[in-house]
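Taking it in order: structure first as structure tokens, then the write-up.
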Amino acid sequence: MTNKFYVTTPIYYVNDKPHIGSAYTTVVADALARANRLRGVPTMFLTGTDENSQKNVEAAQKAGAAGKILSEADFRSYLDEMATIWQRTWKELGISFDDFIRTTEERHRKAVDRFWRAVSKSGDIYKDSYESLYCVGCEEFKTPFAIKDSHCPLHPNQELQLVKEENYFFRASAYKDELLKLYHDHPEFIQPVSRMNEVRSYVKDAFEDFSISREAKHLSCGIPVPDDDSQRIYVWFDALINYLSAVGYGTDDKLFKKWWPATLHLVGKDIIKFHCALWPTMIMSAAKSDPLLQNEDGSPMLPERIFAHGFFTIDGQKISKSLDNAVDPLDLAKEYPFDAVRYFLLREIPFGEDGDFSKTRLAERYNTDLGNTLGNLVNRAISMSRKYFNNQVPNTNVQNTMTALPETSWAGSEGMDTLWQSVDQYIEATRLDLALETIWTGENCSLISANKYVEETKPFKLAKDNLEQAGIVLYTLLEACRQYAWMIEPIMPNIAEEIIRQLGQDPKKERKQGIKVLKTWGGLKPGSELPEPKILFPRNS
RNA sequence: CGCGGGGUAGAGCAGUUGGCAGCUCGCCAGGCCCAUAACCUGGAGGUCGUGGGUUCAAGUCCCACCCCCGCAACCA
């Protein structure tokens, strides 16, 4: 692994505001970014908007007054407005993106220009007259192979359009073998495995050259082809390059060298072909003529990993506007602390699989996992300490708290180390669901174990006849809570900080000490003040 | 021969490299009283879709079959 973490989400079309699906991708990226930052890894987290699409034009048209012709300025202000909405939504949801790229920005245009010229110099762009069936739904030309009953299988009720025009083509097919070799040599390149298989068979059977431009007269947006103003770059060819332009390709070589290649592209399962097949071949080609895209040995600098996550249904049904079941993440944030929604999204769905979103289930998880198990543990530990130890963390010898009291199942500070190891391992594997599961119900020092430890030792009784032991147990619980807070920080940043504050510590100061210190047993100072606890997750009926 | 997902306790779901079938909710019984009617223990409840096969051992691998869900547009 490299010593930096550059993670991306897809750039989103701005034909609508964010819904729970795009929020999911973005929350996953955010949690991974936070986890890496916490671990001291230099992190770049990129998200943004895809603005050069005909779909956006249509949306802008609809948003405007009926019958009014959309002017260039109208479109631009629509894009600005939507981009603002997306950015604001992410901020309200606590998304810690480091950069937000818009494909209408100058820096992107420059990157695309440089990239196109590089591919062209490599001899992989040619002009050809093209007559083919075009699916407006997919925004792509369909090969005969991909057509069923003279319709696109993805959009069977939409007529395919017969388009005949001069276009530029990208010689992707020239890289087919190199691509297959990449899959073979780097099985981790595409995850989960099922997607790798899907992509591989697509490349083997149906991978052809891509048409990468459209005649400008058909489009009211798009980046002009370098040196040919009559053509506009096809939206996908332009969009993928955002991952380069955001880190300085074409504008800032030094910055680019710092961040590229991307560590991880997070994508939805619907766009894997573009990311897993087209994108690497684009780079392979450009790299031949652009040293900036080459590794030291001259090989192309490809992204390290692409992870395709699944889709949500809402109460078992596909997200659809006609059913009006699209869930607005901002609405959810009104009903629950958004940390709770983040927890739900990341805990509920095995990463990479499809999953279901239901408010009932969210309420259940909120009350049980969060309120009963975590919130209650923090609350009872602090309350008892305050009650029996003068509103302080028991002033006990930390050494004595590293092992459990006899005849209990608590695994001690070693168990806590083991828990950290599992958590780190799962985060590394992008399995946040498993990381959370382990923290909650695992063998070693999970939240459940901690609650059990209370039952086994009964500190509320010990306080009466063995105050020293009571102190040991309570210190153990408080210190465990401190560590739990840091374990869940990437997933629930606000709650984590709140727990730290309730333990009488300053989250910012603690964070500065670095992960190694945070993980070390005994970070909580014996005898320090404990403020009155507040309910972390008020029960919701 | 379209594509994809799935069939595991009443409900919702986990089950990495095959090794005594788990989690949450609900239900029953008990304990506890520090805490958010929260916490802990025990119990009932599963022929892991069906039929074959490989293996000392299969929910997990192989083969066949059955059933369910999504695939106009909006849409990750």
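Quick note on labels: first sequence line is chain A, next is B, and so on, each numbered from 1. Since the structure is predicted, the reported quantities are computational estimates derived from the model, not experimental observations.
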Heavy atoms from C-beta onward define the side chain here; which of [options] lies closest to that of [X]?
X        : options             : result
A/Arg195 : B/A35, B/G4, B/C40  : B/G4
A/Lys461 : B/C33, B/C34, B/U36 : B/C33
A/Thr441 : B/C34, B/G12, B/C23 : B/C23
A/Asp270 : B/G4, B/U36, B/A76  : B/A76
A/Arg539 : B/A76, B/G4, B/U36  : B/U36
A/Ser22  : B/C34, B/A76, B/C32 : B/A76
A/Lys452 : B/G4, B/C40, B/C34  : B/C40
A/Ile448 : B/G15, B/U24, B/C33 : B/U24

Both A/Ile271 and A/Glu437 contact RNA chain B. Taking the nearest nucleotide for each, which residue is further toward the 5' end?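 Taking each residue's closest nucleotide, the earlier one in sequence belongs to A/Glu437.
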(request) Report the residue (A/Arg347 or A/Arg380) whose heavy-atom-nearest nucleotide on RNA chain B is the more 5′ of the two. (result)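 Its nearest nucleotide being more 5', the pick is A/Arg347.
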May I have the distance from [X] (atom [atom1]) to [N] (atom [atom2]), rounded to whole angstrom?
X        : N     : atom1 : atom2 : answer
A/Leu362 : B/C25 : CG    : P     : 15 Å
A/Ile20  : B/A76 : CD1   : P     : 14 Å
A/Asn372 : B/U36 : CG    : P     : 12 Å
A/Leu346 : B/A14 : CG    : P     : 15 Å
A/His309 : B/G5  : NE2   : C1'   : 16 Å
A/Asn367 : B/C39 : CG    : P     : 10 Å
A/Glu364 : B/U24 : CD    : P     : 11 Å
A/Arg365 : B/U36 : CZ    : C1'   : 19 Å

State whether A/Lys17 and A/Asp328 are salt-bridged, where the test is any N-O pair (Lys NZ or Arg NE/NH1/NH2 against Asp/Glu carboxylate O) under 4.0 Å.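 Here A/Lys17 pairs with A/Asp328 in a salt bridge, since their nearest N and O are under 4.0 Å apart.
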Lys/Arg-Asp/Glu bridge criterion (N-O < 4.0 Å) met for A/Lys461, A/Asp465
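No salt bridge links A/Lys461 with A/Asp465.
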Strictly by Watson-Crick or wobble contacts shorter than 3.5 Å, is anything paired with [N], and which nucleotide is it?
N     : value
B/G12 : B/C23
B/U55 : none
B/G2  : B/C71
B/C65 : B/G49

In whole angstrom, give me the gap between the [atom1] atoms of [N] and [M].
N     : M     : atom1 : result
B/G7  : B/A14 : C1'   : 15 Å
B/C23 : B/G46 : C1'   : 15 Å
B/A21 : B/C48 : P     : 11 Å
B/A72 : B/U16 : C1'   : 40 Å
B/G70 : B/U8  : C1'   : 22 Å

For [X], report the nucleic acid contact type (base, sugar-phosphate, nothing); a contact means any heavy atom under 4.0 Å.
X        : result
A/Leu536 : base
A/Gly355 : nothing
A/Ile11  : nothing
A/Phe312 : base
A/Phe311 : base
A/Thr368 : sugar-phosphate

Under the side-chain contact (heavy atoms from CB on, under 4.5 Å) test against A/Pro533, which residue among A/Leu503, A/Asn379, A/Ile499 passes?
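Going through A/Leu503, A/Asn379, A/Ile499 one by one, the side-chain contact (heavy atoms from CB on, under 4.5 Å) with A/Pro533 is satisfied by A/Asn379 alone.
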Identify which one of A/Val393, A/Val378, A/Val473 satisfies the side-chain contact (heavy atoms from CB on, under 4.5 Å) criterion when paired with A/Leu478.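 Running side-chain contact (heavy atoms from CB on, under 4.5 Å) over A/Val393, A/Val378, A/Val473 with A/Leu478 returns exactly one hit, A/Val393.
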Less than 3.5 Å apart, any donor N or O on the side chain of A/Thr103 or A/Asn242 sitting next to an acceptor on the other?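 No, no side-chain donor-acceptor pair sits under 3.5 Å.
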query = Hey, what do you get for CZ (A/Phe344) to CG (A/Asp339), rounding to the nearest 0.5 Å?
reply =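 That separation rounds to 15.0 Å.
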Margin query: Working to the nearest 0.5 angstrom, can you tell me the gap between A/Trp410 CH2 and A/Thr403 OG1?
Written below: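 Separation between the atoms: 12.0 Å.
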So, does the side chain of A/Asn376 form a donor-acceptor pair with the base of B/A35 at under 3.5 Å?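 Side chain to base: pair present.
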Return the orientation label for the A/Phe75 and A/Tyr78 ring planes: parallel under 30°, perpendicular over 60°, tilted otherwise.
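Taking A/Tyr78 first and then A/Phe75, their aromatic rings lie parallel (interplane angle under 30°).
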